[in-house]
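Heads up: the structure comes next, in structure tokens.
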Amino acid sequence: GIRIIDASVIPTLPVSAGPLSSVYMVAEFASEKLVKEYLPVFGPVNTSEPFMLVLSTVLVLVALSFTFFVLIFTRRQFFTVEEKEVDFFQIDDSVSNDESNKQTLDSSWTGHFKEKEIEACNSQNIPTTLLSWTEVTCSYPSSAASKSLSISLESSTGQLKSTQLTAVMGASGSGKSTLLDILSGHKTLGNMTGKMSLNGEVIQNIKAQAIDEASMLRSIAAYVPQQEVFFPTQTAFEAVAFVANLKLGKDPRGNHIRNSRIKSVLQEVGLSSDICKRPIGGELAGGVVIRGLSGGERKRLAVACALALKPRLLFLDEITSGLDSENALAITKLLKRLCSSRKVAAMMVIHQPDGMLFREFDQLILLSGGKTIFCDHTSKLPDLYKNVFKEDVPDWYNLPSNLLTQASNISSDVVNAMSNGQSKVLAQTQAYNLGHINHIDPPGTFWKFQTVFQRNLTNHYVRNFTNLTCRLIFYFITALIDGLLFWQVGDIEGKEDVGIEVGTVVGALTFIILASYLVPFAMIPIFVSDKKFFLAESALGLYSPWLYCLSQIILEAWVMVLAATIEAAVVVPMCGLWNPTMAKWETFFTFLGIMVVSGLTGSTLVLFHSMSLSSQDLAFLFGSGIVTIGLAVSGGFIVFQSMQGFISWMQWLSPCKYTLQALALAFFKGTPYESLVDEIYTFNNPPTVSQNVGVLIVFFVSLTVGTVIALGRQRGVR
């Protein structure tokens, strides 16, 4: 009972042969059967495009259902914490409150060093080596023509121990951030050599691209960048929940357990419940600024997001930069307390701390010219001054700045000798086997998709008024202007100069496709901004590129259905674009389906350029250039017969051509003017609306795949 398509039609399909052609025939047959048996209740059906009617109907029903869901979703409290609180982290009060255990320190560094030495030797809190590294080097080619190398880090050797907060200090360009990025698995540029010992296993390949080693490192390590990246419309609670849900999965004991865990983390870093309910704040894509958390609160939130991963290793890149001395000291004390209570080894890059802040560090890594000249407990600093610098330790206030001065002025021979000495002392050190660590199975793909989808829906569409409401209003205004300019141009019957009237209709249809392919460029700032969030989150291994693309495309499809419905409801009746051979509702749904698919193709085109190109300016330049050329060869400005042969081939690469052809066929098909349109404009290749829409779907799928590939190749440059 399956109707066979005429052989003369098959070569004009979007895919000339193979499985896709069979799929298209089955879809067309099913659509025709559905239209003939079920849709006549709405009125008489006389259409050659059943596929378009079914497609439009399904899209509208799904979009309306999703809109209802969004309206309900916006009325709910996104994260409801039950009254029952769970002490997830089981922090011992004896170590969680540093003020109660704090003893009075001497004003001189002598008393401080003695206390540090006693603390390090305490048999009840013996630090264990969690990570060690040997002969770690990073170099870059000096120039493309030269074979010489520029070395940013040379033969660094050291270790990180549990319960200890380690400071990495040195002059600018000494290799501090390079060392931190290599050890945390975030270094993407440069030639890296050396080895690390992690969890009792030796990592020979220390490059970030080494998937198996990086995944092992990320399972027990967390990284806090210098510039924290948060959605401005997110709350602090939601930011931590997003990371926890993607890394730990759904809690089988219920949402209230997970919410209590998150609340416990936020309280531990000093963020009250009132602060957690406020937006994080910052600049939205487009320049709108939202007031939110202060600089110190944002730093605490960044630490909370890292702690949600339950790490044993914590890497922090200049987390105190941009903070005043009081907030910087508070953050450092917080980290010190977390190291003690959670048995975490933390490594923190810092430029020039004051004396009070420096007292919080247990271990110091001092770099000079890319080489390690000191890597030991801070209680050993008097020996460094006595044996190497040949002077007494300065007072506590001037010690940090004096260390930087000594590291900058020390001779290269002494640096080499000290670096070699450090390597010999630490070369035999191997990381302690953390056999008791519970490796958490990664959450399922659907859970990750649900988490990313909800975050994008909430922050891009529900809370961002400009992104949704203003776009829909602009589509309405554009459609209204189109209707006023081309008022009732579809009423051709009885007109004297039919050729001019047909050209005017084509002009109205060309105006429609301008909205489909130009208005989506308003999304470029949001897409480019999203890439920044994606790079930060993908560095933590939270989700795959295709999950982001799928969630964004579904959301854009929803917006396009709403926008196309508004546009079609205004343009079709105002311009009189009713095909007399079909019922009005058939014409409307046919136009609606074309507008939805073409709008989604235009939006995906913008998404592809935003994700594949390096900057927002390039995305505007290339995207607008391609759309401009596509509009020029669409057939709406110059007929195909008038194009020169050496340039007319570009029409086949233009999605605008297939959109305009589909719209023209939807209006002129079966009318007395069909032959005139075919003669002048040759809008007959492919010859049906469904086939033109099929080509647009091929464009859409190709651009989607290209976006996923482009995102997968994106790496944070470090």
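Looking at I481 and F486, their side chains never come closer than 4.5 Å, going by heavy atoms from C-beta outward. Looking at heavy atoms from C-beta onward, T604 lies out of side-chain contact with V701 at the 4.5 angstrom threshold. Counting heavy atoms from C-beta on, the side chains of F231 and I280 never come closer than 4.5 Å. Side-chain contact between V229 and K532: present, with at least one pair of heavy atoms (C-beta onward) separated by less than 4.5 Å. Looking at Q488 and C575, their side chains never come closer than 4.5 Å, going by heavy atoms from C-beta outward. Side chains of I492 and F667 form a contact here, defined as non-hydrogen atoms less than 4.5 Å apart. A 4.5 Å side-chain heavy-atom check between H460 and D530 finds at least one atom pair inside the cut-off. Side-chain contact check for F700 versus V597: every heavy-atom pair is 4.5 Å or farther apart.
Listed for the S544 side chain is no donor-acceptor partner under 3.5 Å among the backbone atoms of W546. The backbone N or O of P232 sits nowhere less than 3.5 Å from a side-chain atom of N459 that would complete a donor-acceptor pair. The main-chain N or O of A662 is never found under 3.5 Å from a side-chain atom of N692 such that the two would form a donor-acceptor pair. A distance-only check finds a donor-acceptor pair linking the side chain of K531 to the backbone of S610 [under 3.5 Å]. Remark: side-chain polar atoms of S529 are not paired, donor with acceptor, to backbone N or O of P525 under 3.5 angstrom. Judged by distance alone, with hydrogens and angles left aside, the side-chain atoms of Q616 form no donor-acceptor pair with the main-chain N or O of V528 at under 3.5 Å. A donor-acceptor contact shorter than 3.5 Å links the side chain of N579 to the backbone of A666.
Scanning both residues, F527 and S603, for their nearest heavy atoms gives CE1-O, 4.1 Å. Summarising the geometry of L547 relative to F449, their closest heavy-atom pair is CD2-CB, 3.7 Å, with the distance given to 0.1 Å. Of all non-hydrogen atoms in L711 and M611, the two that sit nearest each other are CD2-SD, 3.7 Å. Nearest heavy-atom pair, V559 versus L472, reported as atom, atom and distance to 0.1 Å: O-CD2, 4.2 Å. The nearest pair of heavy atoms linking P520 to G599 is CG-O, 4.4 Å. Annotation for L246 and L542: closest pair CD1-CB, 3.9 Å, computed over non-hydrogen atoms.
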Next item on the list: Check the pair F237, N259 against side-chain contact (heavy atoms from CB on, under 4.5 Å), reporting the backbone distance first and the verdict last.
Entry: CA-CA 9 Å; F237 190 94; N259 293 338; 3.8 Å; yes

Checklist line | side-chain contact (heavy atoms from CB on, under 4.5 Å) evaluation trace for Q644 with I647 | finding: CA-CA 6 Å; Q644 298 298 318; I647 199 68; 4.2 Å; yes

Margin query: One pair to check against side-chain contact (heavy atoms from CB on, under 4.5 Å): M582 and T587. What are the steps and the verdict?
Written below: CA-CA 6 Å; M582 296 189 296; T587 304; 3.7 Å; yes

Next item on the list: Let me see the working for F230 and T235 under side-chain contact (heavy atoms from CB on, under 4.5 Å), right down to the final yes or no.
Entry: CA-CA 9 Å; F230 297 114; T235 65; over 6 Å; no

Atom pairs and distances, donor-acceptor, side-chain atoms in residues 500-512, under 3.5 Å, two or more places apart:
from: T504; atom 1: OG1; to: I500; atom 2: O; distance (Å): 2.9
from: T510; atom 1: OG1; to: V506; atom 2: O; distance (Å): 2.7

Enumerate, atom names and distances included, each donor-acceptor pair closer than 3.5 Å involving a side-chain atom of residues 629-639, sequence neighbours excluded.
from: S634; atom 1: OG; to: L631; atom 2: O; distance (Å): 2.7
from: S634; atom 1: OG; to: G636; atom 2: N; distance (Å): 3.4

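Between Y548 and Y543, the distance from one ring center to the other does not fall under 6.0 angstrom. Proximity of the aromatic rings of F620 and H609 is defined here by a centroid distance below 6.0 angstrom, and this criterion is not met.
Taken from CG in D482 to CD in E567, the straight-line distance is 7.5 Å, to the nearest 0.5 Å. The distance from atom CG of L485 to atom CE of M574, rounded to the nearest 0.5 Å, is 9.5 Å. The distance from atom CG of L665 to atom OG1 of T590, rounded to the nearest 0.5 Å, is 11.0 Å. Residue I554 holds its CD1 atom at 11.5 Å from SG of C549, rounded to the nearest 0.5 Å. From I594, atom CD1 reaches atom CG of L663 across 4.5 Å, with rounding to the nearest 0.5 Å. Interatomic distance, D617 CG to I524 CD1, rounded to the nearest 0.5 Å: 9.5 Å.
When each of L696, I513, V693, L660 is checked for a side chain to side chain contact (heavy atoms under 4.5 Å, CB included) with S598, only L696 meets the rule. Results of the side-chain hydrogen bond (donor to acceptor under 3.5 Å, both in side chains) test with R455 over E537, Q234, E238 single out E537 as the only residue that passes.
Counting non-hydrogen atoms of neighbouring residues, nucleotides and ligands closer than 6.0 angstrom, the CD atom of Q641 exceeds 12 such neighbours. Environment of CZ in F476: sparse, with no more than 12 heavy atoms of neighbouring residues, nucleotides or ligands closer than 6.0 Å.
In the model, T659 has a side-chain atom that pairs as donor or acceptor with a side-chain atom of Y517 under 3.5 Å. Counting only N and O atoms by type, the side chains of S551 and N456 include a donor and acceptor under 3.5 Å apart.
Residues passing the side chain to side chain donor-acceptor pair (under 3.5 Å) test with Q651 are K657, sequence neighbours excluded. When the salt bridge (charged side-chain N to carboxylate O under 4.0 Å, His left out) test is applied to R471, the partners found at least two apart in sequence or on another chain are E556. Applying the side chain to side chain donor-acceptor pair (under 3.5 Å) rule to Y475 yields no partners; only residues at least two apart in sequence or on another chain are considered. Under the rule for a side chain to side chain contact (heavy atoms under 4.5 Å, CB included), the partners of W447 that lie at least two apart in sequence or sit in another chain are N245, K250, P443, Q450, T451.
In this structure, F668 and Y673 have perpendicular ring planes: the angle between them is above 60°, well past the 30° mark. Ring geometry, F640 versus F683: the interplanar angle exceeds 60°, so the pair is classed perpendicular (tilted spans 30 to 60°).
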